[in-house]
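Working notes, beginning with the structure itself.
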Amino acid sequence: MAALSELGVKSQLVKRPGDLTELDGLILPGGESTTLSMLLESTGLFSAVADLLGDGFPVLGTCAGLVLLAHQVLDGRPDQHSFDAVDVVVRRNGFGRQVASFETDLAFGEGPPLPAVFIRAPYVVSVGPSVDVLAQVRHRGNGTEDPVMESPALVRQDNVLAACFHPELTRDRRVHRLFIDMCTAA
């Protein structure tokens, strides 16, 4: 909410399906994806958000929000639900546990590198043909001796933008601006 406020955008918390009215977009934040999944179900928000996604409503998912939007989730609980709104396969906590959290810069568009904070971040294992990869992260596997590789860190499919990282934790607001542009276009 603070990031949106910095950009002059009014926002509100969504706790019940009735809170979804009169919104231009929705952000599914980071957190614990299984807990968020259970809360979405228990409040009735899951089906309401699924309906909005199906209607082309703009949604941004960050970290756990990406997990909630993914087509397939690896290492999730059997009762964990996702919206299947982005054709990606993700692995929960794919970059490791809390102690493996990291910050890095990502190439993003024509501008300067995008600072990104990865906290128990999901790892994008694969993307479908309709997904645009907007930024990739260079990293090693689970060990320091593993070769350096790249994997998607910011993806977009139609009305959905999703990040493995927490763009709200840096001063760079380009991801939020992109999402606002998506909302305006919708």
Side-chain angles (χ1 to χ4, degrees), residues 1-73 76-77 79-90 92 108 114 116-122 124 127-128 130-135 152-170 172-186:
M1 292 179 79
L4 294 174
S5 178
E6 286 176 25
L7 296 171
V9 174
K10 181 183 167 202
S11 61
Q12 68 180 45
L13 290 176
V14 173
K15 296 183 179 184
R16 294 172 189 75
D19 297 335
L20 292 168
T21 60
E22 300 184 28
L23 298 180
D24 295 318
L26 179 68
I27 297 176
L28 297 174
E32 212 291 316
S33 61
T34 53
T35 301
L36 291 172
S37 172
M38 288 186 284
L39 287 170
L40 285 164
E41 286 289 344
S42 68
T43 60
L45 276 166
F46 192 91
S47 60
V49 171
D51 289 345
L52 288 174
L53 282 162
D55 291 341
F57 192 75
V59 175
L60 166 62
T62 62
C63 199
L66 165 62
V67 174
L68 291 170
L69 293 165
H71 167 68
Q72 182 180 358
V73 179
R77 285 176 36 156
D79 60 343
Q80 181 174 351
H81 300 283
S82 68
F83 291 107
D84 190 11
V86 181
D87 189 10
V88 295
V89 176
V90 299
R92 285 181 69 248
F108 180 62
L114 178 70
V117 179
F118 292 75
I119 302 172
R120 277 185 23 184
V124 176
V127 299
S130 57
V131 175
D132 293 322
V133 176
L134 304 179
L154 180 64
V155 296
R156 180 177 180 181
Q157 182 176 345
D158 302 322
N159 57 307
V160 178
L161 182 64
C164 295
F165 56 96
H166 289 268
E168 74 280 4
L169 294 181
T170 72
D172 193 306
R173 296 292 174 240
R174 286 180 284 168
V175 172
H176 294 91
R177 279 193 194 103
L178 174 58
F179 182 61
I180 291 166
D181 290 345
M182 291 170 58
C183 295
T184 303

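Given the structure is predicted, the values throughout are model-derived calculations rather than measurements.
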Check: Gln157/Ser130 side-chain N/O donor and acceptor closer than 3.5 Å: yes
Any donor-acceptor N/O pair, Ser82 side chain to Ala70 backbone, under 3.5 Å: yes
Pairwise side-chain contact, Asp84 with His71, heavy-atom cut-off 4.5 Å (strictly under): yes
Nearest heavy atoms of Ala153 and Phe165, plus distance in Å: O-CE2, 3.4 Å
Phe46 and Phe83 aromatic ring geometry - parallel, tilted or perpendicular at 30°/60° bounds: parallel
Thr184 (side chain) donor-acceptor with Ile180 (main chain) under 3.5 angstrom: yes
Beyond-backbone contact of Leu53 with Val59, side-chain heavy atoms, under 4.5 angstrom: yes
Pairs flagged by salt bridge (Lys or Arg N to Asp or Glu O under 4.0 Å) wherever residues 19-29 is involved - sequence neighbours left out: none
Thr62 to Glu168 - nearest heavy-atom pair and separation: OG1-OE1, 4.2 Å
Approximate separation, where rounding is to 0.5 Å, of Leu154 CG and Arg174 CZ: 10.5 Å
Any donor-acceptor pair under 3.5 Å from Ser33 side chain to Leu68 backbone: no
Side chain Arg156, main chain Asp158, donor-acceptor under 3.5 Å: yes
Shortest non-hydrogen contact between Leu60 and His176, atoms and distance: CD2-CD2, 4.4 Å
Separation of Arg16 CZ from Thr21 OG1 (nearest 0.5 Å): 13.0 Å
Contact summary for Leu161 and Val175, nearest pair of heavy atoms: CD2-O, 3.9 Å
Validation row: Val49, Val14 side chains within 4.5 angstrom (heavy atoms): no
For Val131 against Asp87, the heavy-atom pair lying closest together: CG2-O, 3.5 Å
Criterion side chain to side chain contact (heavy atoms under 4.5 Å, CB included) on Leu169 and Ile119, from CA distance to verdict: CA-CA 11 Å; Leu169 294 181; Ile119 302 172; 3.7 Å; yes
Salt bridge (Lys or Arg N to Asp or Glu O under 4.0 Å) contacts touching residues 30-47 (sequence neighbours left out): Glu32-Arg92
Spacing of NE2 belonging to His166 relative to SG belonging to Cys63, to within rounding of 0.5 Å: 3.5 Å
Heavy-atom pair with the smallest gap, counting every atom of Phe179 and Ile27: CE2-CG1, 3.8 Å
Beyond-backbone contact of Leu66 with Val86, side-chain heavy atoms, under 4.5 angstrom: no
